[in-house]
Asker: 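Starting off with a structure, shown below.
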Amino acid sequence: MINIKFPDGNVRQYEPGTSAFQMAEGISSGLARNVVSATVNGQLTDRDLPLTADATMVFHTWNDDKGKETFWHSTAHLMAEALEALYPGIKFGYGPANENGFFYDVEPPNGESISTEDFPKIEKKMIELARQKNDYVRREVSKEEAVAYFTKKGDEYKLELLETLEDGTITFYTQGEFTDLCRGPHIPNTGAIKAVKLMKVGGAFWRGDDSNKQLTRLSGISFPKAKDLTEYLHNLEEAKKRDHRKIGKELELFMFSEKVGAGLPMWLPKGYQLRQRLANYLEKKQEAAGYQQVATPHIGKKELYVTSGHWDKYGEDSFQPIKTPREGEEFLLKPMNCPHHCEMYKFRPRSYKELPLRLAEFGTVYRYEQTGELHGLSRVRGFTQDDAHIFCMPEQVKAEFIAVVDIVQEVLGMVGFDDVTAQISLRDPQTPDKYIGTDANWASAEQAIIDACKEIDIKTVTAYGEAAFYGPKLDFMVRDALGRQWQLGTVQVDYNLPDRFELEYVGSDNEMHRPVMIHRAPFGSMERFVSILIEHTAGKFPLWLAPEQFAILPISERFNDYARNVQKQLAEHDIRGLVDDRNETIGRKIRDSETQHIPFMLIVGENEVAAASVAVRVQGEGDKGTMTLPEFAAFFCEQLVL
RNA sequence: GCCGAUAUAGCUCAGUCCGGUAGAGCAGCUGAUUUGUAAUCAGCCGGUCGGCGGUUCGAAUCCGUCUAUCGGCUCCA
């Protein structure tokens with residue numbers, strides 16, 4: 001008998017050769033019906049694989065991530081089968097599941113291309129094949145046999161993948177007419193796939209390397225119930241409605257102009273208000289935390305960035321230097337604020353008594369982002385960082401780091417992000433040449449971040465290879481109202497720039513010491529942050545940030561004067577808003593205020609004038625009844641703190 | 001930068017396949033209406049069909065190129 005341990009701690013005994021599926025059958029028929037794969041001793045496997053030794057066992061169904069992965073991976077094979085039937089001779093690259101379905105990178109035969117117009121016929125074929133309920137059959141093959149198979153088929157991509165595999169570890173999966181090199185696992189048969197939808201077609205470099213050939217990536221999603229697909233498509237529509245590019249236009253927050261240039265956002269009055277309110281709020285917080293605001297120019301001599309190392313690392317891919325006409329001196333558009341701040345540190349000799357020195361700047365920087373990467377406000381070529389650099393003694397790093405994380409959490413909470421995760425971004429040990437600085441400095445910087453995180457109440461994940469080239473980072477990620485995760489600001493511990501700029505301070509021992517720098521930007525960039533805020537709130541900003549907090553809607557033009565009077569009185573209480581004095585019906589004015597997501601509508605007519613009051617309507621909720629101005633101000637303040 | 005697609009009025013979009021010099025709704029303007037909780041009515045204005053070049057008697061439509069945008073890939077100090 002073998003002992004199988006389940007996640008709840010129970011251990012059950014089974015005959016050797018029992019499969020995960022058979023074990024599930026013994027537990028409940030419902031579980032058995034739904035189980036698609038299992039994790040056995042930490043290894044994802046087919047549900048029908050017989051177990052021969054003691055093991056830990058986790059069942060996977062459609063309702064967990066691993067189960068979805070199995071389901072979608074199997075759908076990728078189903079799509080491949082359909083493609084092979086429709087495009088004989090098509091070659092296959094890499095075809096896994098991802099967080100949002102599955103994809104397969106393929107090379108269509110004879111230089112043919114596959115476009116969205118071909119999706120319906122591929123989907124139709126997939127459903128047709130799914131209905132055949134073909135089993136996914138696993139088979140262990142020798143390397144020799146595998147090579148022979150794909151040589152005969154003429155699929156050089158699979159042959160290249162085979163090169164990296166050891167003989168004895170190679171498995172094929174076959175369903176229907178299609179056989180693929182695959183580690184598995186797969187769902188038992190294609191019949192479980194009830195709904196499929198191809199979503200995207202695009203290019204993808206073979207093995208993610210842009211010097212390689214580009215394959216066609218076909219992405220899609222599938223579900224065990226047709227209803228799930230409908231719901232998924234509906235959610236996509238919701239996300240589309242929240243697209244910050246669309247809302248930014250509708251609410252007149254920002255714009256782009258072909259003439260000004262790609263990736264160069266221009267903030268319209270309402271958007272600028274929003275952005276400034278965020279900036280002012282953060283600036284206040286920072287001043288309270290001992291930061292000092294500074295300002296630096298938009299360009300700097302190339303030498304500055306040669307010293308910092310940025311020129312060497314990013315120079316080639318940046319906006320190229322500006323030359324002075326007579327002297328031929330070279331200047332760069334500022335891609336980073338830190339070198340300027342380092343020079344500020346060197347303004348005069350520093351004593352340990354003035355550390356930590358915290359220099360903050362809403363600094364606008366310019367980076368030559370690749371054309372294909374530009375995206376609304378979230379990826380641009382000119383943006384303003386809510387940047388600050390903390391120069392401190394090594395023994396102060398941890399406390400400073402913790403203080404920074406506190407500010408970040410408070411600020412993110414204030415604008416409505418409750419679900420914050422911190423990603424500890426470390427060096428990739430495999431590619432040391434991507435980074436500058438000594439191993440010792442890297443080790444202490446990484447340790448400082450890890451230690452600080454242990455003392456802070458925050459969810460963390462660790463990611464190798466995500467560090468900046470000069471130091472490790474703590475990256476903040478938030479989950480928005482639709483459950484999507486976004487990366488915002490970062491905190492970075494840096495031993496390198498102080499070295500490169502030869503920063504020093506006089507210690508209490510009267511000796512020269514090197515300070516440590518902490519880079520930090522809670523929002524990251526104002527542009528990106530606002531784009532995420534727009535999508536999170538769908539344009540219905542927190543009251544304190546709303547460009548207009550109320551709209552006064554007079555029933556007819558006769559009440560415009562009273563409306564302006566109300567506006568003036570509210571302004572005295574720092575409540576801002578507009579009077580809609582157009583010659584329109586009240587229904588129209590309400591509709592327009594609603595679509596502009598103005599939080600409060602104050603309707604004024606004969607009754608309100610007589611009673612010195614306003615009829616309050618809350619955006620998205622409706623009529624709240626009549627209030628006097630003091631009553632409304634109190635009501636407003638109540639909403640403001642919520 | 002690479003692959004694929006798109007670009008028509010301020011906005012959203014027809015018209016392009018099959019070449020014969022543009023159309024709707026909204027917005028704007030003017031007038032009427034003076035309105036009680038999500039679009040009052042009427043009239044008018046508005047486009048070198050993204051830029052440039054080519055094919056053609058003739059190009060929004062076909063071809064090339066550039067720019068911008070969209071979806072991916074690669075990248076992200």
Side-chain angles (χ1 to χ4, degrees), chain A residues 103 105 113-117 199-219 243 245-246 249-250 252 255-264 305 308-315 317-318 334-339 365 367-376 378-381 385 387 436 466-471 473 487 490 492 494 496-497 519 521 524-525 528 553-560 582-596 601-608 615-626:
Chain A
F103 64 83
D105 291 344
S113 69
I114 298 176
S115 79
T116 48
E117 284 167 28
M199 303 297 297
K200 283 161 193 162
V201 56
F205 296 107
W206 170 234
R207 313 194 104 178
D209 182 339
D210 65 7
S211 60
N212 279 339
K213 189 157 181 179
Q214 192 148 18
L215 304 179
T216 302
R217 173 166 299 180
L218 292 165
S219 315
D243 190 315
R245 295 167 296 191
K246 179 175 177 287
K249 204 180 272 178
E250 286 167 357
E252 300 192 351
M255 63 169 286
F256 292 89
S257 149
E258 191 174 322
K259 230 168 187 161
V260 170
L264 299 171
Y305 305 100
S308 71
H310 291 108
W311 174 254
D312 195 39
K313 190 81 185 171
Y314 295 104
D317 307 318
S318 291
K334 176 167 76 175
M336 287 290 284
N337 301 302
C338 31
V365 297
R367 297 178 185 175
Y368 178 80
E369 304 290 355
Q370 300 184 71
T371 48
E373 264 315 318
L374 301 173
H375 180 91
S378 50
R379 192 78 184 268
V380 289
R381 286 177 167 171
Q385 295 179 309
D387 211 357
I436 60 172
E466 292 295 317
F469 74 96
Y470 53 77
K473 306 189 284 183
Q487 190 173 323
T490 78
Q492 304 169 12
D494 181 3
N496 274 298
L497 274 190
H519 307 241
S525 90
R528 183 173 162 79
L553 314 180
I555 294 288
S556 87
E557 288 180 333
R558 287 189 291 137
F559 310 108
N560 283 352
R582 295 176 302 167
N583 178 8
E584 288 291 350
T585 59
I586 191 65
R588 177 53 179 274
K589 291 179 183 182
I590 287 169
R591 182 186 155 82
D592 288 346
S593 289
E594 287 278 353
T595 56
Q596 286 289 307
M601 281 152 268
L602 308 178
I603 293 149
V604 296
E606 195 130 16
N607 306 336
E608 288 71 24
V616 178
R617 182 186 163 103
V618 175
Q619 197 271 325
E621 292 179 27
D623 196 357
K624 295 286 166 184
T626 303

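In what follows, chains carry the letters A, B, and so on, assigned in the order in which the sequence lines appear, proteins first and then strands, with residues in each chain numbered from 1. As the structure is a computational prediction, the values presented were derived from the model and not from experiment.
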Asker: So if I take every side-chain heavy atom of A/I603 and compare against B/U34, B/A38, B/U37, which nucleotide ends up nearest?
Answerer: B/U37
Asker: Between B/C66 and B/G28, how far is it from one C1' atom to the other, in whole Å?
Answerer: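 Between the two C1' atoms, the distance is 33 Å.
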Asker: Whom does B/A42 pair with, Watson-Crick or G-U wobble, provided both distances fall under 3.5 Å?
Answerer: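 Base-paired to B/U30.
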Asker: Can you find a pair of side-chain heavy atoms, one from A/E594 and one from A/Q619, that are under 4.5 Å apart?
Answerer: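 Touching, per the 4.5 Å side-chain cut-off.
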Asker: Please report the closest heavy-atom contact between A/S318 and A/Y368, naming both atoms and the distance.
Answerer: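 Of all heavy-atom pairs spanning A/S318 and A/Y368, the closest is C-CB, 3.6 Å.
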Asker: With heavy atoms under 4.0 Å as the rule, sort A/G620 into base, sugar-phosphate or nothing.
Answerer: nothing
Asker: Within the pair A/S115 and B/G4, is there a side-chain N or O less than 4.0 Å away from OP1 or OP2?
Answerer: no
Asker: What are the two closest non-hydrogen atoms of A/L374 and A/A262, and how far apart are they?
Answerer: CD1-CB, 3.6 Å
Asker: Categorize A/Q487 for me: base, sugar-phosphate, or nothing, with a 4.0 angstrom heavy-atom threshold over every strand shown.
Answerer: nothing
Asker: B/U61 and B/G51: how far apart are their P atoms, nearest whole angstrom?
Answerer: 10 Å
Asker: Identify each atom pair where a protein N or O and an N or O of nucleotides 9-18 of chain B are less than 3.5 Å apart, giving names and distance.
Answerer:
| residue | atom | partner | partner atom | Å |
| --- | --- | --- | --- | --- |
| B/U12 | OP1 | A/K249 | NZ | 3.3 |

Asker: Out of the candidates A/Q596, A/R588, A/K589, only one should pair with A/D592 under the side chain to side chain donor-acceptor pair (under 3.5 Å) rule; please name it.
Answerer: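 Among A/Q596, A/R588, A/K589, the one that satisfies the side chain to side chain donor-acceptor pair (under 3.5 Å) with A/D592 is A/R588.
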Asker: Is the phosphate of B/U35 approached by A/T585 (side-chain N or O, under 4.0 Å from OP1 or OP2)?
Answerer: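 Checking A/T585 against B/U35: no side-chain N or O falls below 4.0 Å of OP1 or OP2.
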Asker: Which is more 5' along RNA chain B, the nucleotide nearest A/L215 or the one nearest A/T595? Just name the residue.
Answerer: A/L215
Asker: What is the base-pairing partner of B/C73, counting Watson-Crick and G-U wobble geometry with both distances under 3.5 Å?
Answerer: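 Check on B/C73: paired to B/G1, both distances under 3.5 Å.
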Asker: Can you tell me the Watson-Crick or wobble partner of B/G36, both distances under 3.5 angstrom?
Answerer: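 Looking at the geometry, B/G36 pairs with no nucleotide.
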Asker: Please state whether the base of B/C75 and the side chain of A/R379 form at least one donor-acceptor pair under 3.5 Å?
Answerer: yes
Asker: Please tell me if the side chains of A/N607 and A/T626 come closer than 4.5 Å, counting only heavy atoms from C-beta onward.
Answerer: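 When only atoms from C-beta onward are counted, A/T626 and A/N607 do not touch, as no gap falls below 4.5 Å.
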Asker: I'd like to know if the side chain of A/R381 and the backbone of A/L264 have a donor-acceptor N/O pair within less than 3.5 Å.
Answerer: no
Asker: Measuring only the C1' atom in each nucleotide, how far is B/U69 from B/U8? A whole number of Å is fine.
Answerer: 15 Å
Asker: With both distances under 3.5 Å as the test, what is the Watson-Crick or G-U wobble partner of B/C18?
Answerer: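 By the stated definition (distances under 3.5 Å), nothing pairs with B/C18.
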Asker: What N/O pairs connect the protein and nucleotides 26-31 of chain B at under 3.5 Å? Give each pair on its own line.
Answerer:
| residue | atom | partner | partner atom | Å |
| --- | --- | --- | --- | --- |
| B/A27 | OP1 | A/R588 | NH1 | 3.3 |
| B/A27 | OP1 | A/R588 | NH2 | 2.2 |

Asker: Which part of the nucleic acid does A/Y368 contact within heavy-atom distance under 4.0 Å: base, sugar-phosphate only, or nothing?
Answerer: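 The residue A/Y368 makes sugar-phosphate contact but no base contact.
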Asker: Assign A/I590 to base, sugar-phosphate, or nothing according to its heavy-atom contacts below 4.0 angstrom with the strands shown.
Answerer: base
Asker: Taking N or O atoms only and anything under 3.5 Å, show me the protein contacts with nucleotides 44-52 of chain B, one pair per line.
Answerer:
none

Asker: Applying the Watson-Crick and G-U wobble criteria at under 3.5 Å, what pairs with B/G25? Answer none if nothing qualifies.
Answerer: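 Base partner found: B/C11.
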Asker: If the C1' atom of B/C17 is compared with that of B/C41, how far apart are they to the nearest Å?
Answerer: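 Result for the C1' pair: 41 Å, nearest Å.
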Asker: Produce the list of close N/O pairs, under 3.5 Å, pairing protein atoms with atoms of nucleotides 71-73 of chain B; give distances to one decimal.
Answerer:
| residue | atom | partner | partner atom | Å |
| --- | --- | --- | --- | --- |
| B/G71 | OP1 | A/R245 | NH1 | 3.4 |
| B/G71 | OP1 | A/R245 | NH2 | 2.9 |
| B/G71 | OP2 | A/R245 | NH1 | 3.3 |
| B/G71 | OP2 | A/H375 | ND1 | 3.4 |
| B/G72 | OP1 | A/K200 | NZ | 3.0 |
| B/G72 | N2 | A/Q214 | NE2 | 3.0 |
| B/C73 | O4' | A/G203 | O | 2.9 |
| B/C73 | O2' | A/F205 | N | 3.0 |
| B/C73 | N4 | A/E373 | OE2 | 3.2 |

Asker: Other residues, nucleotides and ligands only: do more than 12 of their heavy atoms fall within 6.0 Å of CG on A/D312?
Answerer: no
Asker: What nucleotide, of B/U37, B/A39, B/A77, holds the atom closest to the side chain of A/R591?
Answerer: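 Of all the options, the side chain of A/R591 is nearest to B/A39.
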Asker: Counting distance alone, no hydrogens or angles: does the base of B/U34 have a donor or acceptor under 3.5 Å from a partner atom on the side chain of A/R558?
Answerer: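 Donor-acceptor pair under 3.5 Å: no.
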Asker: Touch check for A/N607, heavy atoms < 4.0 angstrom, all strands: base, sugar-phosphate only, or nothing?
Answerer: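 Base contact - A/N607 has a heavy atom under 4.0 Å of at least one base atom.
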Asker: Could you work out the separation of B/G46 and B/C29 based on their C1' atoms and round it to a whole Å?
Answerer: 10 Å
Asker: Can you tell me which nucleotide in B/U37, B/G36, B/A77 comes closest to the side chain of A/Y314?
Answerer: B/A77
Asker: For A/D243, give me all partners under side-chain hydrogen bond (donor to acceptor under 3.5 Å, both in side chains), at least two apart in sequence or on another chain.
Answerer: A/R245
Asker: Taking atom P in both B/G23 and B/C49, compute the distance separating them and give it to the nearest angstrom.
Answerer: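 Pairwise P distance, B/G23 against B/C49, rounds to 14 Å.
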Asker: From B/A77, B/C76, B/U35, pick the nucleotide closest to the side chain of A/I555?
Answerer: B/U35
Asker: Is the aromatic ring of A/Y470 within stacking range of B/A77, meaning centres under 5.5 angstrom and planes under 30 degrees?
Answerer: no
Asker: Between A/Q492 and A/Y470, is there a side-chain heavy-atom distance shorter than 4.5 Å?
Answerer: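 Of all side-chain heavy-atom pairs linking A/Q492 with A/Y470, at least one is under 4.5 Å.
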Asker: Between A/Y314 and A/P335, is there a side-chain heavy-atom distance shorter than 4.5 Å?
Answerer: no
Asker: Excluding sequence neighbours, so at least two apart, what forms side-chain hydrogen bond (donor to acceptor under 3.5 Å, both in side chains) with A/N337?
Answerer: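 Expected list: A/K334, A/Q385, A/D387.
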Asker: Is there a Watson-Crick or G-U wobble partner for B/G64 with both distances under 3.5 Å, and which nucleotide is it?
Answerer: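 Matched B/G64 with B/C52 under the 3.5 Å cut-off.
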